[in-house]
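First the structure, in the form of structure tokens, and then the observations on it.
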Amino acid sequence: MYEGITRRGFLKALGLGTAAVVCLGGIALGQATPKTFSDEEVGKAIKKGVEYLLKSQGADGSWPGHGAYPVGPTAMATYALLESEVYPANDPRIKKALDWLAARQAPGRLVAGKNAPKQGGGSLDCFKTYSLGLRANAFLAAVKRGLSNYKKNLRNDVVQLILSTKDGSYGYNSYGNGQSSGDNSNSQYGVLGVWAGVQADMEVPRAYWYKVLKHWLGCQGGDGGWSYRTGTSTATMTTAGLASMFLCYDNLLYDGFIKCDLGDDGQKILQPLNRGLEWMDKNYGGTGNPGGRWGYYLLYGVERVGLASGYKYFGKTDWYKTGASTLLRSQGADGSWGAVVNTSY
């Protein structure tokens with residue numbers, strides 16, 4: 001059940017957390033023998049997923065791009081490999097992937113909002129919000145595991161994201177020019193990238209968190225949930241809203257949290273967060289339709305909110321056991337969940 005808002009919970013929420021929840025992936029075919037949930041089987045599945053990713057890696061250290069996202073799949077796969085901790089961070093294959101990502105980032109490109117990446121992009125111009133958010137977390141994972149030389153790359157991505165948002169939201173592109181604005185899915189990943197910088201002790205202006213919080217408060221539905229832009233609340237977007245709001249509250253109300261004393265006014269401030277959690281209690285049914293179009297994206301969001309909030313259950317659903325059991329049943333014989341991006345999730 002809901003145990004209160006703790007800084008420890010926030011800090012867990014934006015990394016993939018324990019290794020047991022890293023390889024949340026897409027649809028798989030050909031699983032001959034469904035596995036029963038246990039720590040041992042989860043560990044085996046993670047290792048198989050990692051081996052699949054490494055076998056799929058190109059000679060240059062990358063994974064094939066996805067349409068307009070040449071950097072995104074490599075960012076996701078590298079992030080998953082580092083968080084899984086199956087191999088050392090300085091494993092040559094992981095280092096090659098990190099160096100490939102770093103080479104797609106022009107050093108010092110953003111200085112006080114100047115020299116933003118060219119619109120249209122080339123091999124050095126990664127300006128997709130999803131890709132930036134995920135790449136920042138890959139660099140953070142490397143830094144946390146002792147590869148401090150990637151901290152400068154993390155900083156570049158975080159600065160680009162901070163300078164991009166217009167109103168606390170993000171669209172598909174983040175050019176560093178204060179014009180990015182759009183949907184709640186991109187917005188979630190923009191904030192995810194900035195939070196990676198916070199975890200590496202980067203200073204993020206409080207004004208940024210106020211702007212982001214204002215966006216999420218302004219688009220919360222009457223039922224407590226969130227939608228992609230407007231309309232019916234969905235589980236994917238409600239987890240996006242909750243995870244983003246947890247980060248805002250953590251950075252803006254830090255002193256009150258660590259003292260466990262926000263007062264009456266503080267409790268009023270937290271009402272939108274509690275309404276979102278109540279929406280999850282009423283509406284989240286368990287697996288998130290793995291194999292569906294957004295199923296594995298949702299499982300990642302559920303994990304973030306579960307760790308941040310202290311919930312073990314949404315309603316009567318044990319979110320971790322249910323999600324992990326579904327993934328154990330759907331993993332392919334080759335260790336994948338159908339594709340590199342899905343397996344990385």
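FYI, the numbering just counts along the sequence from 1.
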One should read off an interatomic distance between Thr129 OG1 and Asn186 CG, to the nearest 0.5 angstrom, of 5.0 Å
Problem set entry | Donor-acceptor contact present, side-chain Thr78 to main-chain Ala75, <3.5 Å | no
Donor-acceptor pair, distance only, cut-off 3.5 Å: does the side chain of Asn251 make one with the backbone of Leu247? yes
Side-chain contact, heavy-atom cut-off 4.5 Å: Asn137 with Leu134?
no
Value for NE2 (His215) from SG (Cys219), rounded to nearest 0.5 Å, stands at 4.0 Å
Notebook entry, point to check: Is Asp318 reaching over with its side chain to a backbone N or O of Lys321, donor-acceptor style, under 3.5 angstrom?
Noted result: yes
The reported gap from OG in Ser336 to CD in Gln331 (rounded to nearest 0.5 angstrom) is 7.5 Å
Looking only at heavy atoms, the pair that brings Gly176 and Ser164 closest together is N-OG, 2.8 Å
Is the closest side-chain heavy-atom distance between Leu82 and Leu98 below 4.5 Å? yes
Query - Within-4.5 Å side-chain heavy-atom neighbours: Leu277 and Val305 - result: yes
>> Treating Gln199 as the side-chain partner and Leu140 as the backbone partner, does any N or O pair qualify as donor plus acceptor under 3.5 Å?
In response: no
### Query
Can you find a pair of side-chain heavy atoms, one from Val212 and one from Thr165, that are under 4.5 Å apart?
no
Using a strict 4.0 Å threshold on nitrogen-to-oxygen distance, state whether Glu51 and Lys47 make a salt bridge. yes
So OG of Ser181 and CG of Asn173: to nearest 0.5 Å the spacing works out to 12.5 Å
For this session: Take Thr322 and Thr317 through the side-chain hydrogen bond (donor to acceptor under 3.5 Å, both in side chains) test and state the conclusion after the steps.
Result: CA-CA 7 Å; Thr322 303; Thr317 300; 5.5 Å; no
**OP:** Flag the pair Tyr170 / Leu161 as yes when at least one side-chain heavy-atom distance between them is below 4.5 Å, and no otherwise.
**Re:** yes
- Message: What verdict does the side-chain hydrogen bond (donor to acceptor under 3.5 Å, both in side chains) test give for Asp183 and Tyr228, after you've listed the backbone C-alpha separation in whole Å, the side-chain angles of each residue and the deciding distance to 0.1 Å?
- Response: CA-CA 6 Å; Asp183 61 84; Tyr228 183 72; 3.1 Å; yes
How far apart are the C-alpha atoms of Phe314 and Tyr311, what are their side-chain angles, what is the distance that settles it, and do they pass the ring pair (Phe, Tyr, Trp, His ring centres under 6.0 Å) test? CA-CA 7 Å; Phe314 291 121; Tyr311 266 75; 5.2 Å; yes
Output for pair (Ile162 CD1, Lys211 NZ), nearest 0.5 Å, gives 10.5 Å
May I ask you to decide if the ring planes of Trp209 and Trp195 are parallel, tilted or perpendicular, using 30° and 60° as cut-offs?
perpendicular
Heavy atoms of Thr343 and Trp337 approach each other most closely as OG1-N, 2.9 Å
Side-chain donor-acceptor contacts of residues 37-45 below 3.5 Å, not counting sequence neighbours, with atom names and distances?
{"from": "Ser38", "atom 1": "OG", "to": "Glu41", "atom 2": "N", "distance (Å)": "3.1"}

Could you tell me whether a side-chain N or O of Lys152 sits under 3.5 Å from a main-chain N or O of Asn149, the two making a donor and an acceptor? yes
For this session: Check whether any side-chain N or O of Trp226 sits under 3.5 Å from a backbone N or O of Ser233 as a donor-acceptor pair, and report yes or no.
Result: no
Quick one, Leu53 and Ser344 - any side-chain contact, counting heavy atoms below 4.5 Å? yes
Leu299 and Leu327: side chain to side chain contact (heavy atoms under 4.5 Å, CB included), yes or no, with the steps?
CA-CA 10 Å; Leu299 288 180; Leu327 293 174; 4.1 Å; yes
- Counting N and O atoms only, with roles assigned by atom type, does the side chain of Thr238 sit under 3.5 Å from a partner on the main chain of Thr234, one being a donor and the other an acceptor? yes
Closest non-hydrogen contact found for Gly197 with Leu154 is N-CD1, 4.2 Å
- Item | Asp99/Lys95 salt bridge by N-O under 4.0 Å criterion | yes
To the nearest 0.5 Å, atom CD1 of Ile94 lies from atom NZ of Lys96 at 13.0 Å
| Does Lys282 reach the main-chain N or O of Gly315 with its side chain, forming a donor-acceptor pair under 3.5 Å? | no
Heavy atoms of Ser185 and Tyr297 approach each other most closely as OG-OH, 2.7 Å
| Charged tip of Arg275 within 45° of Trp279 ring normal and under 6.0 Å | no
Tightest non-hydrogen contact, residues Ser244 and Ala240, listed as OG-O, 2.9 Å
Notebook entry, point to check: When you measure from the side chain of Gln105 to the backbone N and O of Asn153, does any donor-acceptor pair fall under 3.5 Å?
Noted result: yes
*asked:* Does any part of the side chain of Val158, heavy atoms only, come nearer than 4.5 Å to the side chain of Arg155, both counted from C-beta?
replied: no
### Task
Determine, stepwise, if the pair Arg304 / Gln188 fulfils side-chain hydrogen bond (donor to acceptor under 3.5 Å, both in side chains).
CA-CA 11 Å; Arg304 290 177 60 206; Gln188 171 184 208; 2.7 Å; yes
Q.
Counting only heavy atoms not in Arg145 (residues, nucleotides, ligands), do more than 12 fall under 6.0 Å from its CZ?
A. yes
For Tyr249 and Ile269, the nearest pair of non-hydrogen atoms, with its separation, is OH-O, 2.6 Å
Exercise. Any side-chain heavy-atom pair from Arg135 and Cys126 closer than 4.5 angstrom?
Worked result: yes
key: Gln220 side chain to Pro272 backbone, donor-acceptor under 3.5 Å   = yes
